[in-house]
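These figures come from a predicted structure and were not determined experimentally. We count residues from 1, following the sequence as given.
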Amino acid sequence: MLITTPVGSREAVSAARWPVPEERRTVTVLFVDIVGSTGLVERLDPEDVRTLQRAYFGTVSGVLRRWRGVVEKYVGDAVMALFGAHGCDGFDAYRAVRAGLEIQAALDRRPAGDTRLRVRVGVATGEVLVDLTGAHDGGHGAASGAVITTAARLQEYAPPGGVVVCPTTRRAVAGLVEQRPLATMTMAGKAEPLDVWRVTGVSRHRPARHHGPLMGRRRELADAADEVVRALRERRPRWVSLVGPPGSGRSRLLHELTRAVSRVDGAEVRWCVAHCPPYPDGELAPLADLVRALLTPETTARPLPGSTTGGPGWAAASPALAAFLAAPDDPAAAARAVTACHELLLDRAAGMPVVVAVDDLDRAAPALRRFLRRLHVTAGDRRLALAVVTTHSGGRADPSPGPGDRWRRVWLAPLGTRDSGRLLRHLLDRAGRPAALAARLLPLVGGNPAVATAYAEDSGGDPAGVPAAARRLVDARLDRLDGAQRAVLMAGATAGGALAAATVERMLGWASGRAGPVLRTLAAAGLLRRTRAGGWAVTEPVVARVAAYRLPRAARADFARRLRGDGTTGRPGGDPAPRRAGAGSRLDVPRGDVDGRVTCPLGVGRSRRSGGGARPAPVPPLRSAGGRAVPDHPGYGVPAAAGAGPPTAGGSPPAHPGRSATVATTRRGTDAPNRSATAAPAPSGAGAVVRLGAGSVTRAGSTTGPPQRAGRPRRGTAAPPVALGLAA
């Protein structure tokens, strides 16, 4: 069945107020349909059909709302929903799969006397154009893209009562749900067969396996270890927060910390570690993992305080605790066991050093954070050998800062150039890819270990040229911004260079003075930085790529017109456009990325002679910041190594892009140069574009026309191409 999505009128889209009413987004589509609905309707009375439909649609829509899905349309008895259409949290595919499983479970729980409904559920992830003004329940035409049809086709292959997913969705939910391969399907309209996987249930969260040596976190590890040892040795409980952006390696640092602090003054340290999965079923479910870690193996057998039962241990002595460990997702059992868990942890800390650690605390429910704060305060009052260690991305998960000697934050800054390079080489070697790719990937990863892992293991295929795992991280960061902040970031990313607040206001049509506070807020969040010239540029290349790519072509073209009105020529960052080549020549050939993929399809201008292809953004020179190479602005080209441009055809890098270029010109009719000029530093790549007059434009290492003889040029031709020499 072909699914078509009506498109709203252009007037309605244009009337929507900025930010952009439409975006290119990666969403997950859920398609659910009743098995044998035609025969079912034929057997039932129309009134019974209406009752059945109301119950069915009510159940499905209720589950979708609970998992933050948006019903895009109803097609007969089928329901299509979008996840991530209006806001991405990095777990859109997981929420869609959980919603599919819950829909099946809810329909199975219907009373036995009612007509039994069996449904098929298909879940697919891919790129669509989303109308943000229509991304709400019943918003027909909210999304357009091939993934919608894929989801509809996919559910036809699901067994009754089953949930099947496409390969992209399978990778996005790996480790979070149990899956098994179903078959390789050949779908109508698809050029290649599609691997289909069936989801059988939610998997118990398992800690990630960490391979290879720790790189670049020695100082943070030493600081955290010192704080924990000090707390246990002095019996002055402390709360240590390992804080950093998603993908910065917080979980890995916690893993290394458990190995670094295994004994204190000869006494074994008992580590109780819990990991918070996304959207846990029970608010206090991770607490059960803390208790299990403490009781397995159980070192002593002591009953609960006040209990006369001397049984084999705490679990046997407390029925409430035993019931909680058996069913940690049961809210009632958790509420009855909170006090027992609290006293158990404190009792163990009275006899041995104990560290309570919770990974990804920002995913935890408020009840768990309250439990940890209470535990920390009580242990401090009793002067117990206990420490609390948490990892999170900051914000609301931070504990209330008590006395300065009881709380410490360890910030995980981006890795430096050297450590990022070492990590990339290790990851590439593990993935069986050439280690030489590390130099080309280095400027893209931004010192983020998760982004480095995604690029090293990337199999290609994402339209934005960014690995899917890295794009999920960036999409979630962008969608945490409000509309004005996201609009400014997209404008800066699309412009492709350092730009002033006045330029942002012209691009967005804002009043004077409105962009300044937003730019400073984005800088405080680490998304923008000040350039040496006083402008603003996007800090991380991968953020710039995703932010610019999410704009539709029409919005990028509108930005181009506004940039030209700002005194530029329409090329990103104000770079002058080269002279038009003759008929049939190619203009603006994008530079190649890793594995031959195009890296810079996001320029705001479009070349008429090149068939409408997007004009590439210029590749920036590199500067030194804190001992690591940083692009002067995060463009979309890929320098070959820190501090150097991309390799030439022979494999050797060009001269350092930070040096100035001396431009020599000739007077018409003579061979002697009559003046010289110093051009801006040449961007790495094809070289700097230099404009010296009405008709003389050239690039370093290239010419704009056929070779000319030295001396007087032919009548009616442009001046000879200038020669660029690098001055030391």
Side-chain angles (χ1 to χ4, degrees), residues 207 224-241 254-275 284 286-326 328 334 336-359 361 368-390 399 402-403 405-408:
D226 288 345
E227 295 294 333
V228 172
V229 170
R230 178 182 170 190
L232 300 179
R233 179 175 292 155
E234 299 177 359
R235 304 182 75 85
R236 294 172 60 89
R238 300 174 68 81
W239 186 309
V240 181
S241 297
L254 175 60
H255 172 74
E256 296 296 330
L257 190 59
T258 62
R259 300 171 58 185
V261 186
S262 58
R263 304 185 72 86
V264 172
D265 296 336
E268 180 184 357
V269 176
R270 175 57 62 89
W271 280 85
C272 307
V273 182
H275 302 266
L284 292 171
L287 182 57
D289 292 333
L290 295 177
V291 174
R292 290 192 188 96
L294 199 61
L295 297 178
T296 309
E298 190 172 4
T299 55
T300 60
R302 300 175 58 184
L304 284 167
S307 173
T308 57
T309 305
W314 282 80
S318 172
L321 188 60
F324 174 53
L325 295 179
R336 291 191 297 267
V338 165
T339 301
C341 294
H342 183 262
E343 292 301 323
L344 171 61
L345 291 167
L346 295 175
D347 180 77
R348 286 293 183 266
M352 64 183 304
V354 173
V355 181
V356 177
V358 179
D359 194 15
L361 185 63
L368 182 60
R369 292 196 290 271
R370 289 194 298 268
F371 176 89
L372 293 176
R373 291 192 184 101
R374 179 187 169 204
L375 180 72
H376 179 238
V377 170
T378 307
D381 295 340
R382 300 184 186 180
R383 299 295 297 268
L384 300 177
L386 183 140
V388 177
V389 180
T390 58
D405 62 339
R406 297 186 60 179
W407 180 72
R408 172 69 186 276

Straight-line distance of [X] [atom1] to [Y] [atom2], nearest 0.5 Å:
X	Y	atom1	atom2	result
Thr339	Leu321	OG1	CG	11.0 Å
Asp289	Leu294	CG	CG	12.5 Å
Arg238	Arg406	CZ	CZ	10.0 Å
Arg270	Leu345	CZ	CG	11.0 Å
Asp226	Arg230	CG	CZ	10.0 Å
Arg348	Leu295	CZ	CG	6.5 Å

Note, [X] side chain near [Y] side chain (heavy atom, < 4.5 Å):
X	Y	result
Leu375	His342	yes
Val338	Arg374	yes
Val273	Leu254	yes
Leu257	Val355	no
Leu284	Pro328	no

Minimal non-hydrogen separation, [X] against [Y], with atom names:
X	Y	answer
Ala385	Arg235	CB-NH1, 3.8 Å
Leu232	Val354	CD2-O, 3.7 Å
Ala357	Leu290	O-CD2, 3.6 Å
Trp271	Ala293	O-CB, 4.1 Å
Leu361	Arg369	O-NH1, 3.6 Å
His275	Asp359	ND1-OD2, 3.2 Å

Give a yes or no answer on whether the side chain of Arg292 reaches the backbone of Leu325 with a donor-acceptor pair at less than 3.5 Å. yes

Verify, without hydrogens or angle tests, whether Arg382 (side chain) and Ala350 (backbone) share a donor-acceptor contact under 3.5 angstrom. no

